[in-house]
Novice: 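Mind looking over this structure? Questions follow.
In listed order, ligands and their atoms are each counted from 1. Worth knowing before you read on, the calculation uses all heavy atoms, side chains too, and leaves out hydrogens, waters and symmetry mates.
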Amino acid sequence: MKIGFIGLGNMGGPMARNLATAGHTVTGFDLVAPAPAGVSMAASAEEAARGADVVITMLPNGKILRAVAAEIVPAMRQSAVFLDCSTVDVESARAVAEEAGKAGLLAVDAPVSGGIGGADAGTLTFMAGGSQAAFDKVKPLFDVMGQKAVLCGESGAGQAAKICNNMILGVTMIATCEAFALADKLGLDRAKMFDVVSTSSGYSWSMNAYCPAPGVGPKSPADNGYKPGFASDLMLKDLRLSQQAAESADADTPMGELAARLYATFVDEEDGSGKDFSAMLPRFEKRHRSLA
Ligand code: NAD
């Protein structure tokens, strides 16, 4: 396929490279990032999009996505697919899909999970929103860049699935970290705690697959000085998106809201920026009883 790829950063760079390696013709554009292997660079987003069968965007936020969409939608050929893989707010995803639809294009929002490692290895999971026809057109590209793609519903459904998942993740990570810190203070051995909880009703992905305690459970960022992994800053971004969505949908999400507040404090006021999101454990270790 002829693919335009806009946003070649930590995630987009290796995703575009994998598409080129698989034999697709990839034309990229980024304001600063260099060309990934096998990708030829255009002078503008519009140039990268012109004539492409599929244009993929992998950008920092909804505002930038909307600006890029306004530039490229008029340049794209009829029936081409606008495939946004960025994590953005549900409203921006829907607005961009609507613009694309009005211009005779197909649109899919397909945020990913799997991080930089998954982008590099081509093992991402895609959560997609859009029509079945649009999804089917880009499915071969999902198969190159990832190991699983789920069509979750109409436009915006991919973003909705992503932020709901990550809201659960943020909340369970905090719960797991505060439980370890409590266990420490109760004199409970961390390995015993893991042994019990990972096979009892407190288990979760945060405990079982990504244990925040160093030296306990499978290897995780905790064993590497809390180097990300999945940075607290990105968790904060996703939790804020979940709260923005909850606000507009009038949903009551008290745990999600508290998780967003805790990660905001950790990232903005403490030393959490640039650390893995499981570094909430050393944060709790240092603290005494308080309600916030
Ligand atoms: P990044 O900052 O490394 O890459 C974003 C790229 O977009 C940058 O290279 C930037 O120069 C480029 N860009 C910004 N404005 C542009 C414009 N107007 N035109 C062209 N290029 C422009 O970020 P990333 O880590 O690659 O993340 C990209 C998206 O993927 C984000 O929405 C993020 O939330 C999501 N995501 C990231 C991870 C992760 O682990 N990094 C995991 C899942 C999802």
Novice: At under 4.0 Å between heavy atoms, is it the side chain or the backbone of V88 that contacts ligand 1, or both, or neither?
Specialist: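 No part of V88 is near ligand 1 at this cut-off.
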Novice: For ligand 1, which atoms have a heavy atom of A33 less than 4.0 angstrom away?
Specialist: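 Those qualifying, in numeric order: 9 (O).
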Novice: Out of L241, I72, L8, L59, who gets a non-hydrogen atom closest to atom 22 (C) of ligand 1?
Specialist: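 Nearest heavy atom to atom 22 (C) of ligand 1 lies in L59.
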Novice: Could you tell me whether D238 approaches ligand 1 through its side chain, its backbone, both or neither, with non-hydrogen atoms closer than 4.0 Å?
Specialist: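 Under 4.0 Å from ligand 1, D238 contributes no heavy atoms.
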Novice: Output the list of atoms in ligand 1 that are nearer than 4.0 Å to some heavy atom of I6, sorted by atom number.
Specialist: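 Taking each heavy atom of I6 in turn, ligand 1 has 20 (C) under 4.0 Å.
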Novice: Identify the protein heavy atom lying closest to atom 36 (N) of ligand 1, giving its residue, its atom name and the separation to 0.1 Å.
Specialist: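 Of the protein heavy atoms, T87 OG1, 4.0 Å lies nearest.
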Novice: Is there at least one protein heavy-atom neighbour under 4.0 Å from atom 7 (O) of ligand 1?
Specialist: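 Given the 4.0 Å limit, the answer for atom 7 (O) of ligand 1 is yes, a protein heavy atom qualifies.
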Novice: So F82 and V96, do their side chains get closer than 4.5 Å, heavy atoms only?
Specialist: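 Yes, at least one pair of side-chain atoms sits under 4.5 Å.
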Novice: What I want to check is whether the side chains of D233 and Y263 have a donor and an acceptor closer together than 3.5 Å.
Specialist: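 D233 vs Y263: no donor-acceptor pair found between side chains.
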Novice: Which residue holds the protein heavy atom closest to atom 14 (C) of ligand 1, what is that atom called, and what is the gap in Å?
Specialist: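 That would be P60 CD, 3.8 Å.
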Novice: By number and element, which atoms of ligand 1 are closer than 4.0 Å to a non-hydrogen atom of F29?
Specialist: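 Under 4.0 Å from F29, ligand 1 has these atoms: 19 (N), 20 (C).
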Novice: Evaluate K237 for polar contact with ligand 1, using N/O atom pairs at a separation under 3.5 Å.
Specialist: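 The answer is yes, given that K237 and ligand 1 share an N or O pair closer than 3.5 Å.
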Novice: Under 4.0 Å from a heavy atom of S86: which atoms of ligand 1 are those, numbered in the order shown and with their elements?
Specialist: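 Every atom of ligand 1 under 4.0 Å from some heavy atom of S86: 32 (O).
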Novice: May I ask you to decide whether D53 forms a salt bridge with K137, counting only side-chain N to carboxylate O separations under 4.0 Å?
Specialist: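 Salt bridge absent between D53 and K137.
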Novice: Would you mind running through ligand 1 and noting each atom that sits below 4.0 Å from a heavy atom of G115?
Specialist: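 Those qualifying, in numeric order: 40 (O), 42 (C).
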Novice: Among all protein heavy atoms in this structure, tell me which lies nearest to atom 12 (C) of ligand 1, with the distance rounded to 0.1 Å.
Specialist: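 The closest heavy atom on the protein side is D30 OD2, 3.2 Å.
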Novice: Report yes or no: does D276 contribute a side-chain atom to a donor-acceptor pair with the main-chain N or O of A231 at less than 3.5 Å?
Specialist: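 Between the backbone of A231 and the side chain of D276 there is no qualifying donor-acceptor contact (under 3.5 Å).
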Novice: Working to the nearest 0.5 Å, report the span between CD of Q243 and OG1 of T253.
Specialist: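 Answer for the CD-OG1 pair, Q243 versus T253, is 3.5 Å.
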Novice: Assess, by modelled atom type and distance only, whether the side chains of Q147 and T125 contain a donor and an acceptor separated by less than 3.5 Å.
Specialist: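 There is no such pair between these side chains.
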Novice: Does the protein put any heavy atom within less than 4.0 Å of atom 2 (O) of ligand 1?
Specialist: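 Within 4.0 Å of atom 2 (O) of ligand 1, no protein heavy atoms are found.
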Novice: Any nitrogen or oxygen of K162, side chain or backbone, less than 3.5 Å from one on ligand 1?
Specialist: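 N/O-N/O distance below 3.5 Å does not exist for this pair.
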Novice: Heavy-atom distance under 4.5 Å between the side chains of I6 and D30, does that happen here?
Specialist: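 Not in contact.
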Novice: Give the residue and atom name of whichever protein heavy atom lies nearest to atom 30 (O) of ligand 1, and the separation in Å to one decimal.
Specialist: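 Minimum-distance protein heavy atom for atom 30 (O) of ligand 1 reads M58 CE, 3.1 Å.
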Novice: Is it true that R289 and E178 make a salt bridge, defined as a side-chain N closer than 4.0 Å to a carboxylate O?
Specialist: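 The answer is no: the pair does not qualify as a salt bridge.
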Novice: For ligand 1, which atoms have a heavy atom of G7 less than 4.0 angstrom away?
Specialist: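 Near G7, the atoms of ligand 1 are 7 (O).
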Novice: At a non-hydrogen distance cut-off of under 4.0 Å, which region of N61 contacts ligand 1 (side chain, backbone, both, or neither)?
Specialist: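 Neither part.
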Novice: Salt bridge between K192 and D184, side-chain N to carboxylate O under 4.0 Å?
Specialist: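 Looking at D184 together with K192, the answer is no, because their closest N to O distance does not fall below 4.0 Å.
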Novice: May I ask you to check whether F5 and F29 place their ring centres under 6.0 Å from each other?
Specialist: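 No.
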Novice: Would you kindly say whether T172 and S206 are connected by a side-chain donor-acceptor distance under 3.5 Å?
Specialist: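 S206 and T172 do have a side-chain donor-acceptor pair below 3.5 Å.
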Novice: Going by atom types alone, do S92 and R66 pair a side-chain donor with an acceptor below 3.5 Å?
Specialist: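 The answer is yes; a qualifying pair exists.
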Novice: In ligand 1, which numbered atoms sit nearer than 4.0 Å to a non-hydrogen atom of G9?
Specialist: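 Matching atoms, with element in brackets: 3 (O), 4 (O), 6 (C), 9 (O), 26 (O).
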Novice: So which atom in A134 and which in V108 form the shortest heavy-atom distance, rounded to 0.1 Å?
Specialist: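 So the two residues come closest at CB-CG2, 3.5 Å.
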Novice: Just to be sure I'm reading this right: ignoring hydrogens, which of D84, T57, L31, N10 gets closest to atom 21 (N) of ligand 1? Compare them by their nearest heavy atoms.
Specialist: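 Nearest option to atom 21 (N) of ligand 1, by heavy atoms: L31.
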Novice: Got the closest protein heavy atom to atom 18 (N) of ligand 1, with its distance?
Specialist: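 Checked against all protein heavy atoms, atom 18 (N) of ligand 1 sits closest to V68 CG2, 3.6 Å.
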Novice: Evaluate M11 for polar contact with ligand 1, using N/O atom pairs at a separation under 3.5 Å.
Specialist: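 Right, the criterion is met.
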